[in-house]
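Report on the structure given below.
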Amino acid sequence: MAEEKKGVMLLDFWVSPFGQRARIALAEKGVEYEYSEQNLFEKSPLLLNSNPVHKKIPVLIHNGKTVCESLIIVEYIDEVWSDKAPLLPKDPYSRAQARFWADYIDKKIYECGTRLWKLKGEGQEVAKKDMIEIMTLLESELGDKTYFGGDVFGFVDVALVPFTSWFYSYEIVANLSIEKECPKLVAWGKRCMNRESVAKSLHDPAKVYEFILLLKKINGIE
Ligand SMILES: N[C@@H](CCC(=O)N[C@@H](CS)C(=O)NCC(=O)O)C(=O)O
């Protein structure tokens with residue numbers, strides 16, 4: 001029988017908001033792991049074998065076993081390293097609510113952001129209106145709380161905060177000011193950046209924008 005490989009490895013791609021969720025959760029828990037940057041334009045056998053269904057990063061490999069899908073990875077990390085920095089609330093109703101908002105973020109932001117940089121004219125205007133609606137709704141869910149988790153940084157914060165490093169790009173491509181539309185949400189993002197786990201997992205918004213320019217070029221968008 002093959003010997004089980006011990007330890008934690010993360011298959012990731014630097015700019016991915018999904019990968020960054022896993023990185024933040026691991027950092028919150030103080031878990032040491034091997035970071036494996038993947039080439040998404042030429043996928044490695046390791047990535048293809050680890051996530052044969054979706055063939056996407058992030059993939060967490062823990063003692064030789066793979067876990068796919070970022071929110072599932074964050075929940076897994078929270079359960080395995082449960083002694084430190086709990087991310088999901090204990091109370092079943094609060095847990096259900098946290099999962100609801102993380103799921104909302106998952107279904108809405110990346111897709112809408114992609115429409116923002118891919119489309120022009122009316123399509124982009126619709127995406128812009130949608131993005132403002134999404135952000136406004138999230139801002140009202142945040143309310144006057146420090147974090148989405150209340151006083152403690154939690155699951156919804158982990159799900160959303162990676163997108164803050166994409167805000168700058170959304171603003172440039174669509175001539176939009178998220179700060180003007182949702183000042184409390186932007187202030188929350190800055191608060192999160194004061195956490196080491198977040199600051200070391202996100203990238204400079206200008207670099208994210210350079211990546212979007214590359215994506216536009218690859219997709220033949222002027
Ligand atoms: N729902 C997935 C989304 C992951 C995802 O979209 N990953 C992208 C990078 S941001 C990827 O691996 N793309 C490669 C591809 O689509 O071929 C999650 O939450 O983990």
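Annotation for Leu10 and Pro58: closest pair CD1-CB, 4.2 Å, computed over non-hydrogen atoms. The nearest pair of heavy atoms linking Ser50 to Pro52 is C-CD, 3.4 Å. Minimum heavy-atom separation, Ala22 to Ile77: O-CD1, 3.9 Å.
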Would you tabulate the side-chain donor-acceptor contacts of residues 175-188 under 3.5 Å, counting partners in other chains and residues two or more places apart, or write 'none'?
residue: Ser177; atom: OG; partner: Lys180; partner atom: N; Å: 3.0
residue: Lys184; atom: NZ; partner: Asp144; partner atom: OD1; Å: 2.9
residue: Trp188; atom: NE1; partner: Asp157; partner atom: OD1; Å: 2.9

Could you list the donor-acceptor pairs under 3.5 angstrom formed by side chains in residues 129-138, with sequence neighbours left out?
residue: Asp130; atom: OD2; partner: Arg115; partner atom: NH1; Å: 3.0
residue: Asp130; atom: OD2; partner: Arg115; partner atom: NH2; Å: 3.1
residue: Thr136; atom: OG1; partner: Ile132; partner atom: O; Å: 2.6

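Distance CH2/Trp81 to CG/Leu26: 6.5 Å, rounded to 0.5 Å. Distance CD1/Ile61 to SG/Cys68: 8.5 Å, rounded to 0.5 Å. Taking CZ from Phe163 and SG from Cys112, the interatomic distance works out to 11.0 Å, rounded to the nearest 0.5 Å. Note: Glu171 CD to Leu116 CG = 10.5 Å, rounded to the nearest 0.5 Å. Atom CD1 of residue Ile109 and atom CG of residue Leu160 lie 5.0 Å apart, to the nearest 0.5 angstrom. Taking NZ of Lys120 as the reference point, atom CD of Glu125 lies at 14.0 Å (rounded to 0.5 Å).
Residues Thr66 and Asn51 have side chains not in contact (no heavy-atom distance under 4.5 Å, counting atoms from C-beta outward). In this structure, Trp117 and Ser169 have side chains that are not in contact, with every pair of non-hydrogen atoms separated by 4.5 Å or more. Here the side chains of Tyr168 and Val208 are not in contact, with every heavy-atom distance at 4.5 Å or above. Residues Ile73 and Phe18 form no side-chain contact, since every pair of their non-hydrogen atoms from C-beta on lies 4.5 Å or further apart.
Follow the hydrophobic side-chain contacts under 4.5 Å out from Leu87 and you reach Phe100 in the same cluster. When hydrophobic clusters are built by joining Ile, Leu, Val, Met, Phe, Trp and Tyr residues whose side-chain heavy atoms come closer than 4.5 Å, directly or via intermediates, Leu48 is not grouped with Leu46. Residues Ile24 and Leu71 share a single hydrophobic cluster, defined by chaining ILVMFWY side chains whose heavy atoms lie under 4.5 Å apart. By the rule that hydrophobic residues join a cluster once side-chain heavy atoms approach within less than 4.5 Å of another member, Val8 and Ile72 end up as members of one cluster. In the hydrophobic clustering of ILVMFWY residues, with side-chain heavy atoms under 4.5 Å counting as a link, Val74 and Val152 come out apart.
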message: Please evaluate residues Tyr33 and Met9 with respect to the criterion side chain to side chain contact (heavy atoms under 4.5 Å, CB included), reporting the C-alpha separation (whole Å), side-chain torsions for both, the decisive distance (0.1 Å), and the verdict.
response: CA-CA 5 Å; Tyr33 64 98; Met9 184 190 255; over 6 Å; no

- prompt: What's the verdict on side chain to side chain contact (heavy atoms under 4.5 Å, CB included) for Glu75 and Phe155, showing C-alpha distance, side-chain angles and the deciding distance?
  reply: CA-CA 8 Å; Glu75 286 211 38; Phe155 190 59; 3.7 Å; yes

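A donor-acceptor pair is defined here as one N or O able to donate and one able to accept, closer than 3.5 Å; such a pair exists between the side chain of Gln124 and the backbone of Val173. Of the possible donor and acceptor atoms, one in the side chain of Asn63 sits under 3.5 Å from a partner among the backbone N and O of Gly7. Using a distance-only test at 3.5 Å, with no hydrogens or angles considered, a donor-acceptor pair links the side chain of Arg191 to the main chain of Thr146.
Checked against the 6.0 Å centroid threshold, Tyr104 and Trp101 count as a close aromatic pair.
Listed by first and then second residue, the side chain to side chain donor-acceptor pair (under 3.5 Å) pairs involving residues 200-221 amount to none (not counting sequence neighbours). Under the side chain to side chain donor-acceptor pair (under 3.5 Å) criterion, the residue pairs touching residues 7-24 are Asp12-Arg23, Arg21-Ser70, Arg21-Asp106, with sequence neighbours excluded.
In this structure, the ring-ring contact (aromatic ring centres under 6.0 Å, His included) partners of Tyr76, at least two apart in sequence or on a different chain, are His62. Looking at residues two or more places apart in sequence or on another chain, you find no ring-ring contact (aromatic ring centres under 6.0 Å, His included) involving Phe167.
Between Lys29 and Asp78 there is a salt bridge, since a side-chain N of the basic residue sits under 4.0 Å from a carboxylate O of the acidic one.
Within a 6.0 Å radius of CD in Glu196, other residues, nucleotides and ligands contribute 12 heavy atoms or fewer. Counting heavy-atom neighbours within 6.0 Å of Lys108 NZ, excluding the residue itself, gives a total of 12 or less.
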